[in-house]
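A short worksheet on the structure shown next.
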Amino acid sequence: MTPSQPIDPHALDHHHVKGLAHHFDDMDQQHEAATLGMWAFLATEVLFFGGALAGYAVYRSRYGDAFAAASHHLYLWIGVINTAVLLTSSFMMALAVNAAKQGNRKKIVTFLILTILLGLAFLCIKGIEYYLDYREHLVPGNIFEANWHEIFPHIDGAHPGSMMFLRQVQLFLMFYYILTGIHAVHMIVGISVMIVLAVKASRGRYTAEYNSPIDMAGLYWHFVDVVWIFLLPLLYMVQH
Amino acid sequence: MTTVPYSSSLGRETTYLNHSHKIRSWLLTLDHKRIAILYMISITFFFVIGGIAAVLMRLELMTPQGDLVKAETYNKLFTMHGVMMVFFFLIPSIPAVLGNFLIPLMVGAKDLAFPRLNLASWYLFMTGGIFALVALVAGGVDTGWTFYTPYSSNYSNTYVVLTVVGIFINGFSSILTGLNFIVTIHTMRAPGLTWFRLPLFCWSLYATSLIFILGTPVLAITLVLVGVERIFHIGVFDPSLGGDPILFQHLFWFYSHPAVYIMVLPSMGVVSEVITCFSRKRIFGYAFVAFSSVAIAVLGFLVWGHHLFVSGQSIYGGLIFSILSFMVAIPSGVKVFNWTATLYKGSISLQTPMLYVLGFIGLFTIGGLTGLYVASIAVDVHVTDTYFIIAHFHYIMVGGAVMAYMAGIHFWWPKMTGKMYPEWWGRFSALMIFVGFNLTFFPQFILGYLGMPRRYYAYAPEFQALNVLSTAGASILGIGYLLPLLYLLWSLRWGKDAGPNPFRATGLEWKTSSPPPTENFEKTPIVNEEAYAYHRMEMTGDTVATH
């Protein structure tokens with residue numbers, strides 16, 4: 001038999017500890033669980049983006065010319081500016097996490113707001129870019145089908161290979177919208193979470209002892225950043 | 001010596017079941033035990049829907065001509081059967097019901113690491129299920145549960161998108177459940193509960209959870225791509241639009257083959273718990289059984305290509321996937337031999353859970369060995385898309401996973417409800433399920449080998465005799481499933497009180513009262529012993545009193 005010795009119940013009485021959920025024994029255990037949970041979640045995310053990137057890899061290796069031609073029409077300079085914006089946002093996040101470790105309420109709030117603002121700036125710039133893409137008919141489907149000769153004036157529509165080429169271009173555009181779209185959804189989720197965290201932080205919820213949520217949001221935000229660093233060369237720089 | 005106090009089962013003490021009876025206290029509960037019950041009720045509902053589809057299919061197949069339903073209806077029936085049974089019953093079955101209930105108890109914790117996430121998983125599951133049900137009521141889907149492109153993405157005129165959205169949402173329920181289990185097992189074990197003292201059920205669910213979090217997202221993104229292709233007519237998978245349908249099959253099976261191990265790994269965990277208890281012996285080769293679960297999960301990710309032997313995959317690809325598929329037999333064989341060795345010289349008692357488990361071992365062995373047939377490229381070319389495949393995977397999914405689910409439900413029913421099920425009826429229906437199952441599916445091996453293709457509502461007249469046998473078996477199987485539903489419900493009111501440990505089993509879940517209190521243990525237990533110390537229990541005669 002497994003003896004289960006009674007232990008002092010007062011040793012388990014931790015309800016006075018701020019931020020500690022009832023089913024954890026102590027802060028360390030809770031923080032460890034949160035960290036492992038976030039890393040496991042990020043592993044899931046890697047596979048989520050990985051599925052789409054596997055499809056991208058197959059088609060890029062097969063339709064390299066069309067992918068390069070289509071990629072050439074994207075706004076690389078906007079992509080580069082956005083990369084800078086997002087990296088700076090990630091830096092602010094790192095400062096927020098650092099401030100949380102010190103339990104500095106004012107700094108946490110400031111840096112979270114800066115992170116959020118830079119994230120929003122990224123989304124605005126991305127939105128403008130989508131609009132410019134749309135204006136150039138870089139949208140797979142009917143819009144592209146009706147206007148492709150403006151984008152590729154040198155292509156002869158009567159040539160048998162050209163229809164295939166145009167479909168491959170649309171395949172690239174589809175991956176462009178899917179990958180950047182899913183990335184943007186992740187940004188929106190992250191920003192929403194950080195707004196909640198900023199409000200809670202301003203009310204003094206986070207201390208030097210209890211700051212796991214900010215730490216976890218930081219991990220997530222850096223992950224979203226890393227995804228973008230992969231997307232930039234894969235989408236904008238095929239030809240470069 | 002056990003010193004944990006448990007109150008007498010007079011129904012006076014507060015348990016997780018009776019601390020509140022308000023509907024709100026169930027729908028907003030954060031208690032892993034209540035969430036397990038929510039799952040149990042919901043998956044039983046989906047099982048019934050999938051079962052009705054199966055009944056209609058078997059009735060149609062009584063005669064060679066298509067007479068009961070139209071061909072289109074038949075296509076929708078087998079699709080609905082597959083979608084409901086795979087995504088909404090088998091995958092959540094043991095993990096979401098028994099895993100949710102037992103993992104915190106087995107590791108000596110008060111709850112899973114993330115209780116709110118756990119409740120969110122159930123809501124995601126139900127939302128996904130409602131999408132699939134709406135698709136069913138609106139007119140159904142006819143693509144088969146595999147959604148092969150380009151039929152699913154550009155040609156089928158049925159509710160593909162709605163169903164796919166349902167499965168997509170349901171996938172996140174799996175992911176979050178898996179994440180919760182992994183973190184709980186890592187960080188919330190009671191003092192003294194080392195990895196190698198964990199019950200093997202925890203090991204097998206840990207392996208299952210790895211597949212949940214690493215496989216499911218790939219299915220999710222694949223279904224997104226199918227939806228995009230279908231809605232916007234962009235050629236991701238449709239060759240006429242420049243896409244590649246084989247890519248879909250690769251991505252789909254990258255999840256869906258490991259999904260088979262999602263179904264069978266938790267079953268193996270149940271088997272290890274039950275077989276030790278009813279042989280009164282420690283498990284033979286604990287570490288081998290534990291690591292073979294992990295090995296199956298890892299190897300399971302490397303064998304998806306055996307679904308593509310006839311799809312235009314390269315011959316070298318086929319060869320490699322064939323060899324890797326054979327390798328899965330090694331850890332599976334390790335388990336079967338270790339269970340058998342556990343029986344050796346044990347004092348075996350054939351109570352209901354044990355009957356199911358013995359059934360599992362036999363049927364899983366047949367299902368596994370026929371898996372080697374279809375892992376051989378030449379044989380697979382002959383039997384692809386025939387009833388041989390149907391029979392093979394039903395031996396794993398029904399003969400394996402469902403048998404073990406039934407074993408687990410009976411074994412832990414006293415713990416979950418505090419009541420005993422009627423033993424005679426339990427044994428009787430276990431026997432019926434075993435007989436009915438074999439009568440249903442064994443003829444299908446022969447039918448498939450003779451060349452009867454799957455997914456047709458009519459067939460050549462010479463196949464009728466075996467089909468009638470199969471339908472007869474299915475009706476026995478159906479009654480076999482109906483009986484437990486009735487007597488388990490009956491036992492809630494009229495069953496004998498179980499007491500904390502009616503089967504004299506080891507494991508922390510048996511050290512608390514039945515049903516357990518909301519916080520699981522009055523005091524955090526301390527473990528200083530291996531998982532299956534039955535030999536010591538038998539020697540010292542030290543048992544928790546049985547009722």
Side-chain angles (χ1 to χ4, degrees), chain A residues 1-9 11-12 21-25 28-41 43-55 58-59 62-63 66 139-142 144-145 163-171 173-175 177-178 181-182, chain B residues 1-4 104 109-115 117 175 178-180 182-184 186-188 213-222 224-225 228 232-236 241-244 247 250-251 254 506-508 511 519 521-529 533 536-537 540 542-544:
Chain A
M1 288 306 301
T2 307
S4 310
Q5 287 143 9
I7 47 178
D8 179 14
L12 296 173
H22 82 281
H23 58 293
F24 289 112
D25 290 338
D28 284 346
Q29 189 190 28
Q30 174 168 301
H31 185 75
E32 199 189 329
T35 310
L36 181 63
M38 182 47 81
W39 279 105
F41 178 72
T44 290
E45 292 278 30
V46 167
L47 270 292
F48 186 72
F49 281 98
L53 289 175
V58 167
Y59 291 125
R62 220 179 273 176
Y63 309 140
V139 182
N142 293 338
F144 182 88
E145 300 270 350
M163 283 327 283
M164 238 28 233
F165 174 82
L166 293 172
R167 289 204 180 106
Q168 293 158 9
V169 167
Q170 293 184 64
L171 204 53
L173 292 174
M174 191 230 43
F175 276 111
Y177 283 106
I178 292 228
I182 295 174
Chain B
M1 295 294 125
T2 178
T3 52
V4 169
K110 295 192 190 77
D111 206 319
L112 286 173
F114 309 114
L117 212 55
I175 291 171
L179 193 150
N180 231 331
I182 288 179
V183 175
T184 305
H186 265 283
T187 61
M188 309 210 27
I213 66 164
L214 298 178
T216 320
V218 177
L219 178 75
I221 190 71
T222 309
V224 168
L225 293 175
V228 165
F232 300 105
H233 295 283
I234 298 156
V236 196
L241 298 172
D244 185 344
L247 177 65
H250 277 293
L251 291 174
F254 180 82
T506 61
L508 292 179
K511 303 281 188 285
E519 66 279 11
F521 300 95
E522 288 181 20
K523 299 175 179 82
T524 301
I526 294 172
V527 181
N528 57 8
E529 205 166 33
R536 206 163 306 158
M537 191 195 253
T540 58
D542 170 24
T543 59
V544 175

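Note on naming: letters A, B, ... go to the chains in the order of the sequence lines (proteins, then strands), and numbering restarts at 1 for each one.
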Is there a donor-acceptor pair under 3.5 Å between the side chain of His186(B) and the backbone N or O of Ala33(A)?
no
- Query: Can any side-chain N or O of Gln168(A) pair as donor or acceptor with the backbone N or O of Gly242(B) at less than 3.5 Å?
  - Reply: no
Scored by heavy-atom pairs under 4.5 Å with chain A, the best of Ala113(B), Gly243(B), Gly178(B) is Ala113(B)
Given Val183(B), Val228(B), Ile182(B), the one with more heavy-atom pairs under 4.5 angstrom with chain A than any other is Val183(B)
Interface moiety of [X] toward chain A, non-hydrogen atoms closer than 4.5 Å:
X: Asp244(B); result: both
X: Leu241(B); result: both
X: Ile213(B); result: both
X: Ala109(B); result: neither
X: Ile234(B); result: side chain
X: Leu112(B); result: backbone
X: Val236(B); result: both

Over all heavy atoms of both residues, which pair between [X] and [Y] is shortest? Give the atoms and the distance, please.
X: Pro217(B); Y: Leu47(A); value: CG-CB, 3.6 Å
X: Lys110(B); Y: Asp25(A); value: NZ-OD1, 4.1 Å
X: Leu251(B); Y: Ala54(A); value: CD2-CB, 4.5 Å
X: Phe521(B); Y: Leu508(B); value: CE2-O, 3.4 Å
X: Asn180(B); Y: Thr184(B); value: O-OG1, 2.6 Å
X: Phe114(B); Y: Leu179(B); value: CE1-CD2, 3.9 Å

Heavy-atom distance under 4.5 Å to chain B: side chain of [X], backbone, both or neither?
X: Ile182(A); result: side chain
X: Tyr59(A); result: side chain
X: Leu36(A); result: both
X: Phe144(A); result: neither
X: Glu32(A); result: both

By ring pair (Phe, Tyr, Trp, His ring centres under 6.0 Å), Phe48(A) pairs with (sequence neighbours left out) none
The side-chain contact (heavy atoms from CB on, under 4.5 Å) partners of Thr216(B) (sequence neighbours excluded) come to Ser174(B), Ile175(B), Phe212(B), Tyr255(B)
Ranking Arg62(A), Met163(A), Glu45(A) by heavy-atom pairs under 4.5 Å to chain B gives rank one to Arg62(A)
